[in-house]
Amino acid sequence: MTRSLKSLWARFLFQGRGVLPTKRLLWLFTLLSIALIIVSIWDISWTFLLTMNILILIASLLDLLFSANKKELSFKRIAPAEMERGIAYQVKIEIKNNSPYSLSFRLIDGVPQSFIQQFPLKGIVSMQSTVLAVYEVIAPVRGEYRIDKIYFRYSSPLGLWEKQITIEQDDSIKVIPDLTETKQYLENAQKFLLYEGVKIRKQQSGVGEFAKIRSYVVGDDPRNINWRQTAKLREVMTNEYEPEHGKHVTILIDCGRMMGAELKKGNRLEKSLEAAITVAAAALQKGDYVSVLAFSKDVKVFVPAGKGMAHLQTILQAVYSIEVDAAESNYAAVLHYLETMQKKRSFILLFSDVRTFLHEESALSYLKRIRQRHLFLMIGIEDRTLQKRIQMQPENTQMAMIKSIAQQQMLFKKKEKIKWEKQGLQMIEAREERLATAAVSSYIDIMNRNLL
């Protein structure tokens with residue numbers, strides 16, 4: 001295809017610049033041609049027919065003449081700098097018409113093809129006025145994207161011609177993980193953990209940091225009564241303690257091949273990443289230090305330990321674009337790296353696939369050494385397919401074989417988990433929709449029991 005043909009084809013595909021006839025003009029010429037063919041029965045001269053066509057064409061060109069000039073139009077895109085994965089956001093395009101003519105338009109914004117949207121947008125801009133064209137967009141894939149073009153078509157006053165222009169406007173949008181669960185925890189932590197039945201409680205044994213003095217209530221430890229304040233106020237007062245702050249939490253996120261397994265919404269990595277950010281928010285809110293390490297066959301991202309809610313943004317910007325690798329995870333190399341980087345005692349929380357991890361005998365020696373200094377917990381997502389196959393009724397030989405293999409895999413998993421747990425390495429699995437809740441509950445339970 002020649003360059004000129006490519007340019008012409010691009011115009012019809014809502015790209016490039018140019019002038020195009022509308023359906024109204026094509027229908028007008030079609031009806032005129034039919035009418036002229038009919039009247040030609042009465043021996044009308046070809047000069048008359050040609051003159052009529054030329055007059056209609058001149059009239060349509062006059063309609064094109066009395067339309068807005070491209071230089072009299074200006075555009076501005078108003079888009080969020082960050083969008084959460086799977087959440088609908090509004091993007092606004094400001095269209096300013098400085099011409100003395102009204103116009104109707106169709107618009108397509110140059111968003112990536114992976115975005116979910118409804119185009120083209122249609123509307124009318126009056127003369128010497130400004131309108132906002134608003135559309136909703138959903139980004140299903142994390143990462144950084146550029147939107148650099150706006151494709152705009154507007155019609156002449158009689159609607160016989162359309163002018164098409166392409167506006168260059170460069171905007172960058174970061175698609176970050178879905179923070180719905182993180183916001184729910186920060187808004188109401190106890191309600192978020194209601195499913196797990198975990199209480200964010202204060203220490204009652206006097207172990208931990210002093211929080212405040214309050215009135216004594218039934219059930220409080222009498223050993224915590226503050227006798228000085230009791231005598232002063234003539235009311236029984238007690239000291240309240242909370243878990244010590246300033247603990248170290250290290251979050252490991254597996255990005256290996258098995259983390260690409262699809263779930264109801266997204267894949268294992270997506271759910272693990274969202275749960276990891278929720279745990280980080282919980283720990284930072286409590287005053288603990290949080291570091292994050294994402295890995296597959298080698299270390300992809302490492303965020304050193306930091307404190308305070310501002311550190312959550314540092315973590316988010318570092319891990320928002322991590323993707324699943326096509327390689328197997330190298331647990332031994334990553335644990336060796338962690339052993340050299342994390343010198344202080346910490347709670348290590350690994351998000352990975354439990355079944356894959358159980359086959360990694362090489363990681364066991366590193367974990368034994370890590371356990372001497374750190375507290376280790378691995379959390380994964382339940383294999384619902386395996387559960388369904390175990391529960392199904394064996395109606396024929398093939399189904400019976402499938403069920404027996406599934407049961408065998410489950411027994412192997414339980415046996416291996418027991419072997420690892422005897423070494424003090426705890427492993428739990430949770431349903432995908434409860435992964436964040438289970439992870440935060442485990443963190444809260446460890447802090448409440450003062451295991452660090």
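Counting begins at 1 with the first residue of the sequence. Computed over heavy atoms, backbone and side chain alike; hydrogens, waters and symmetry mates excluded. Predicted model, so just to flag it, every value in this text is computed and none were measured.
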**OP:** Sorted by first residue and then second, give each ring-ring contact (aromatic ring centres under 6.0 Å, His included) pair with at least one member in residues 300-325; sequence neighbours left out.
**Re:** Phe302-Tyr337

**OP:** Any chance you could measure Leu273, atom CG, to Ile176, atom CD1, to the nearest 0.5 Å?
**Re:** 10.0 Å

Original post:
What heavy-atom pair brings Arg24 and Leu158 nearest, and what distance separates the two atoms?
Top reply: NH1-O, 2.6 Å

Original post:
Is the CD1 atom of Ile124 crowded by more than 12 outside heavy atoms at less than 6.0 Å?
Top reply: no

**OP:** State which residue, out of Glu433, Arg431, Arg434, Arg268, fulfils the side chain to side chain contact (heavy atoms under 4.5 Å, CB included) condition with Ile381.
**Re:** Arg268

**OP:** In sequence, state the C-alpha distance, the side-chain angles, and the governing distance for Val303 and Val301, and then conclude on side-chain contact (heavy atoms from CB on, under 4.5 Å).
**Re:** CA-CA 7 Å; Val303 182; Val301 174; 4.1 Å; yes

Original post:
Does Ser352 use its side chain to pair, donor to acceptor, with the backbone of Asp254 at less than 3.5 Å?
Top reply: no

Original post:
Charged N to carboxylate O below 4.0 Å: is that the case for Glu82 and Lys174?
Top reply: no

Original post:
Is it true that the side chains of Ser329 and Ser296 contain a donor and an acceptor less than 3.5 Å apart?
Top reply: no

Original post:
Of all heavy-atom pairs between Ala294 and Cys255, which one has the smallest distance, and what is that distance?
Top reply: CB-SG, 4.1 Å

Original post:
Are any of the side-chain nitrogens in Arg355 or Asp383 under 4.0 Å away from the carboxylate oxygens of its partner?
Top reply: yes

Original post:
Between atom CG of Leu312 and atom OG1 of Thr314, what is the distance when rounded to the nearest 0.5 Å?
Top reply: 8.5 Å

Subject >> Passing option when Glu270 is tested against Lys264, Lys265, Arg85 for salt bridge (Lys or Arg N to Asp or Glu O under 4.0 Å) >> reply: Arg85

Original post:
Should we say atom CD of Glu323 is surrounded by more than 12 heavy atoms from elsewhere, each under 6.0 Å from it?
Top reply: no

Original post:
Sub-3.5 Å donor-acceptor pair from the side chain of His248 to the main-chain atoms of Arg345, do we have one?
Top reply: no

Original post:
Any chance CE of Met401 has more than 12 other-residue heavy atoms, nucleotides or ligands included, within less than 6.0 Å?
Top reply: no

Original post:
OH of Tyr289: more than 12 outside heavy atoms within 6.0 angstrom?
Top reply: no

Subject >> ring-ring contact (aromatic ring centres under 6.0 Å, His included) pairs, two or more places apart, involving residues 58-106 >> reply: Phe75-Phe152, Phe105-Phe152

Original post:
So Gln342 and Thr250, side chain to side chain donor-acceptor pair (under 3.5 Å) or not? Walk me through it.
Top reply: CA-CA 8 Å; Gln342 187 58 276; Thr250 304; 2.9 Å; yes

Original post:
Got a second to check how far Ile167's CD1 is from Leu73's CG, nearest 0.5 Å?
Top reply: 8.0 Å

Original post:
Taking the six-membered ring for Trp, are Phe357 and Phe376 parallel (under 30°), tilted (30 to 60°) or perpendicular (over 60°)?
Top reply: parallel

Original post:
Just checking, any donor-acceptor pair under 3.5 angstrom between side chains of Tyr443 and Asp288?
Top reply: yes

Original post:
Considering the options Leu293, Val319, Val279, which one meets the side chain to side chain contact (heavy atoms under 4.5 Å, CB included) requirement together with Ile251?
Top reply: Val279

**OP:** Could you give me the CA-CA distance, side-chain angles and deciding distance for Glu339 and His336, then say whether side-chain contact (heavy atoms from CB on, under 4.5 Å) is met?
**Re:** CA-CA 5 Å; Glu339 192 177 18; His336 176 69; 4.2 Å; yes

Subject >> Donor-acceptor contact present, side-chain Lys163 to main-chain Lys70, <3.5 Å >> reply: no

Subject >> Glu168, CD atom: more than 12 neighbouring heavy atoms under 6.0 Å >> reply: yes

Subject >> Side-chain donor or acceptor of Gln117 paired with backbone N/O of Val111 under 3.5 Å >> reply: no

Subject >> Over 12 non-hydrogen atoms of neighbours within 6.0 angstrom of CE in Met127 >> reply: no

Original post:
Hey, does Lys297 have a side-chain heavy atom less than 4.5 Å from the side chain of Glu328?
Top reply: no

Subject >> Donor-acceptor contact below 3.5 Å, side chain Ser99 vs main chain Glu72 >> reply: no

**OP:** Please name the pair of heavy atoms, one in Ser67 and one in Ser156, separated by the smallest distance, quoted to 0.1 Å.
**Re:** CB-CA, 3.9 Å

Subject >> Minimum heavy-atom distance Tyr145-Pro112, with the two atoms named >> reply: CD2-CG, 3.6 Å

Original post:
Between CG of Asp178 and CD1 of Ile277, what distance do you get to the nearest 0.5 Å?
Top reply: 9.5 Å

Subject >> Tyr135 side-chain N/O to Asp109 backbone N/O, donor-acceptor pair under 3.5 Å >> reply: no

**OP:** Start with the C-alpha gap between Met392 and Met399, add the side-chain angles, then the distance that decides, and say whether side-chain contact (heavy atoms from CB on, under 4.5 Å) holds.
**Re:** CA-CA 8 Å; Met392 71 180 185; Met399 293 178 66; 4.1 Å; yes

Original post:
When you look at Arg389 and Lys403, which way does the side-chain contact (heavy atoms from CB on, under 4.5 Å) test go after all the steps?
Top reply: CA-CA 5 Å; Arg389 288 176 178 173; Lys403 180 171 182 175; 5.9 Å; no

Original post:
What residues, two or more places apart in sequence or in another chain, satisfy salt bridge (Lys or Arg N to Asp or Glu O under 4.0 Å) together with Glu84?
Top reply: Lys183

**OP:** Identify the two heavy atoms, one from Asn97 and one from Leu103, that lie closest to each other, and give their separation to 0.1 Å.
**Re:** ND2-CD2, 3.8 Å

**OP:** Might you point out which heavy atoms bring Lys71 and Asn69 nearest each other, and give the distance in Å?
**Re:** N-OD1, 2.9 Å

Subject >> Neighbour count above 12 (heavy atom, 6.0 Å) for Gln118 CD >> reply: no

Original post:
Any sub-3.5 Å donor-acceptor pair from Arg142's side-chain atoms to Ile322's backbone N or O?
Top reply: yes

Original post:
Say you draw a straight line from CD of Gln164 to CZ of Arg153; how long is it, rounded to the nearest 0.5 Å?
Top reply: 4.0 Å

**OP:** Could you tell me the separation between the CD1 atom of Ile87 and the OG1 atom of Thr180, rounded to the nearest 0.5 Å?
**Re:** 4.0 Å

Original post:
Is it true that a side-chain atom of Thr278 and a backbone atom of Glu274 form a donor plus acceptor pair closer than 3.5 Å?
Top reply: yes

